[in-house]
Undergrad: 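Below you will find the structure I want to go over with you.
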Amino acid sequence: MTKIRDCNLMTVYESLFSAFGPQLWWPATGPEEMIIGALLTQNTNWKNVEKALSNLRRNNLLSFPYIIKTPLSQLEKMIKPAGYFRQKSQRLKALAETIVATGGLDSLDLLTTIELREWFLRQSGIGPETADSILLYAFKRPVFVIDAYTLRVCKRHNWLNDKDDYRKAQKFFIRKLPLKVNIFNEFHALLVQIGKNFCRTKKPLCQECPLEPFL
DNA sequence: CCCCAGGCGTCCA
DNA sequence: TGGACGCATGGG
């Protein structure tokens with residue numbers, strides 16, 4: 001077993017932020033579009049998600065009340081480019097119905113962060129990453145989002161063990177960072193960019209990884 | 001042809 | 001609790 005390297009995450013964050021600047025996530029015009037995008041981007045290239053979002057936007061369907069009124073077959077056609085389109089259409093419609101029935105996002109915003117997280121985890125098609133993304137980027141709650149890139153980067157750099165899971169990784173970041181929405185927001189986005197560009201699945205630790213000088 | 005992408009639910013040991 | 005599998009399109 002490899003020895004876990006210690007690291008100062010705040011230093012890593014500040015270095016990445018200085019080098020790459022604010023990532024300005026989430027790329028959406030509002031909370032509804034953000035939530036829809038979060039569902040659509042599951043295990044899917046964001047480029048494909050943009051096509052689906054653009055289809056929905058063209059039909060005024062970046063809105064839960066309108067999604068409810070649209071037949072599933074229509075939603076499927078628009079969501080098709082995002083992959084898993086039958087599952088995603090069905091889950092998006094069900095989520096829209098539940099949110100509207102609950103009184104909309106303003107009502108949900110009255111819940112505590114823990115309650116809100118549990119509420120979203122109860123919805124079909126929403127797991128830990130999607131729930132946490134929604135909490136951070138739509139509801140501005142201080143929740144650190146873990147995704148495949150984040151896990152990969154942490155494990156490649158031996159900040160985490162190969163067997164460590166979502167919750168372990170989340171605790172790791174929370175323990176080492178101030179609980180600030182802005183930091184969680186930018187840090188996660190920066191990690192995704194690093195993962196995309198310098199930490200590919202099939203390759204070992206990339207020598208040109210911008211994180212290298214900071215370790 | 002292959003692998004990969006900002007996961008999740010289900011099933012089974 | 002944890003590993004395997006299906007879901008599906010589009011780009012490299």
Undergrad: Which residue pairs pass the ring-ring contact (aromatic ring centres under 6.0 Å, His included) test with at least one member in residues 37-73 of chain A, sequence neighbours excluded?
TA: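 The answer is A:Trp26-A:Trp46.
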Undergrad: Can you give me the N/O atom pairs linking the protein to nucleotides 1-3 of chain C at distances under 3.5 Å, or say none if there are none?
TA:
from	atom 1	to	atom 2	distance (Å)
C:dG3	OP1	A:Lys163	NZ	3.1

Undergrad: Could you pull out all residues at least two apart from A:Leu9 that satisfy side-chain contact (heavy atoms from CB on, under 4.5 Å)?
TA: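 With neighbours one apart ignored, the set is A:Cys7, A:Trp159, A:Phe172, A:Phe173, A:Lys176, A:Leu177, A:Phe187.
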Undergrad: Around A:Leu179, counting heavy atoms of other residues, nucleotides and ligands shown, do more than 12 lie under 6.0 Å from its CG?
TA: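 Enclosed: over 12 neighbouring heavy atoms sit under 6.0 Å from CG of A:Leu179.
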Undergrad: Would you confirm whether A:Lys140, through its side chain, and A:Asn182, through its main-chain N or O, come within 3.5 Å as a donor-acceptor pair?
TA: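 No: the side chain of A:Lys140 does not pair with the backbone of A:Asn182.
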Undergrad: Does a nitrogen or oxygen in the side chain of A:Arg152 sit under 4.0 Å from OP1 or OP2 of B:dA5?
TA: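 For B:dA5, OP1 or OP2 has a side-chain N or O of A:Arg152 closer than 4.0 Å.
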Undergrad: Can you give me the N/O atom pairs linking the protein to nucleotides 7-12 of chain C at distances under 3.5 Å, or say none if there are none?
TA:
from	atom 1	to	atom 2	distance (Å)
C:dC7	N3	A:Tyr84	OH	3.4
C:dA8	OP1	A:Arg86	N	3.0
C:dA8	OP1	A:Gln87	N	3.1
C:dA8	OP2	A:Arg86	NH1	3.1
C:dA8	O4'	A:Tyr84	N	2.8
C:dA8	N6	A:Tyr84	OH	2.4
C:dA8	N1	A:Tyr84	OH	3.3
C:dT9	O2	A:Asn48	ND2	3.2
C:dG10	O4'	A:Asn48	OD1	3.2
C:dG10	O4'	A:Asn48	ND2	2.9
C:dG10	O3'	A:Lys51	NZ	3.3
C:dG11	OP1	A:Lys51	NZ	2.7

Undergrad: Give me the distances for all protein-to-nucleotides 10-13 of chain B N/O pairs that come in under 3.5 Å?
TA:
none

Undergrad: Name all residues meeting the side-chain contact (heavy atoms from CB on, under 4.5 Å) criterion together with A:Lys171; count only those two or more places apart in sequence or in a different chain, and write none if there are none.
TA: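 So A:Lys171 forms a side-chain contact (heavy atoms from CB on, under 4.5 Å) with A:Arg167.
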Undergrad: What's the gap between C:dG10 and B:dC8 when it is taken at their P atoms, as a whole Å value?
TA: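 Comparing P positions in C:dG10 and B:dC8 gives a spacing of 22 Å.
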Undergrad: State whether the side chain of A:Ser15 and the backbone N or O of A:Thr11 hold a donor-acceptor pair below 3.5 Å, judged by distance alone.
TA: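 Checked: pair present.
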Undergrad: Within the distance-only criterion (no hydrogens, no angle test), does the side chain of A:Asn59 pair as donor or acceptor with the backbone N or O of A:Leu61 below 3.5 angstrom?
TA: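 No, the answer is negative, given that no donor and acceptor are paired below the 3.5 Å cut-off.
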Undergrad: Measuring from atom OG1 of A:Thr102 to atom CG of A:Leu110, what distance do you get when rounded to the nearest 0.5 angstrom?
TA: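 A:Thr102 atom OG1 to A:Leu110 atom CG measures 12.0 Å (nearest 0.5 Å).
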Undergrad: For A:Gln170 and A:Asp132, does a side-chain donor sit closer than 3.5 Å to a side-chain acceptor?
TA: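 Checked: A:Gln170/A:Asp132 side chains pair up, N/O donor to acceptor below 3.5 Å.
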Undergrad: Please list residues of residues 186-194 of chain A whose heavy atoms come under 4.0 Å from any atom in DNA chain B, ordered by number; otherwise none.
TA: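 None, since no heavy atom is under 4.0 Å.
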Undergrad: According to the ring-ring contact (aromatic ring centres under 6.0 Å, His included) rule, which pairs have a member within residues 94-135 of chain A, sequence neighbours left out?
TA: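 For residues 94-135 of chain A: A:Phe120-A:Phe139.
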Undergrad: Do any of residues 124-133 of chain A sit with a heavy atom less than 4.0 Å from DNA chain B, and if so which?
TA: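 When residues 124-133 of chain A is checked for heavy atoms under 4.0 Å from DNA chain B, the hits, listed by number, are A:Ser124, A:Gly125, A:Ile126, A:Gly127, A:Pro128, A:Glu129, A:Thr130.
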Undergrad: Which pairs count as salt bridge (Lys or Arg N to Asp or Glu O under 4.0 Å) when at least one residue sits in residues 23-44 of chain A, sequence neighbours excluded?
TA: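 Sorted result for residues 23-44 of chain A: A:Glu33-A:Arg57.
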Undergrad: What is the distance, rounded to the nearest whole Å, between atom CG of A:Leu40 and atom P of B:dA5?
TA: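 It works out to 18 Å between those atoms.
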Undergrad: Rounding to a whole Å, what distance do you find between A:Glu50:CD and B:dA5:P?
TA: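 Going from CD in A:Glu50 over to P in B:dA5 covers 17 Å.
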Undergrad: Hey, is A:Asp109 close enough to A:Arg141 for a salt bridge, meaning N to O under 4.0 Å?
TA: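 Counted as a salt bridge, because a side-chain N and a carboxylate O are separated by less than 4.0 Å.
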Undergrad: Taking distance alone, no hydrogens or angles, what donor-acceptor pairs closer than 3.5 Å link side-chain atoms of residues 75-84 of chain A to residues at least two apart or in another chain?
TA:
from	atom 1	to	atom 2	distance (Å)
A:Tyr84	OH	A:Asn43	ND2	2.9

Undergrad: Applying side-chain contact (heavy atoms from CB on, under 4.5 Å), name anything that partners A:Glu14, two or more places apart in sequence or on another chain.
TA: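 Here the qualifying residues are A:Met10.
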Undergrad: Over 60° means perpendicular and under 30° means parallel, so classify the ring planes of A:Tyr137 and A:His188, tilted if in between.
TA: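 Ring orientation of A:His188 relative to A:Tyr137: tilted.
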Undergrad: Assign A:Gln123 to base, sugar-phosphate, or nothing according to its heavy-atom contacts below 4.0 angstrom with the strands shown.
TA: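 Sugar-phosphate only.
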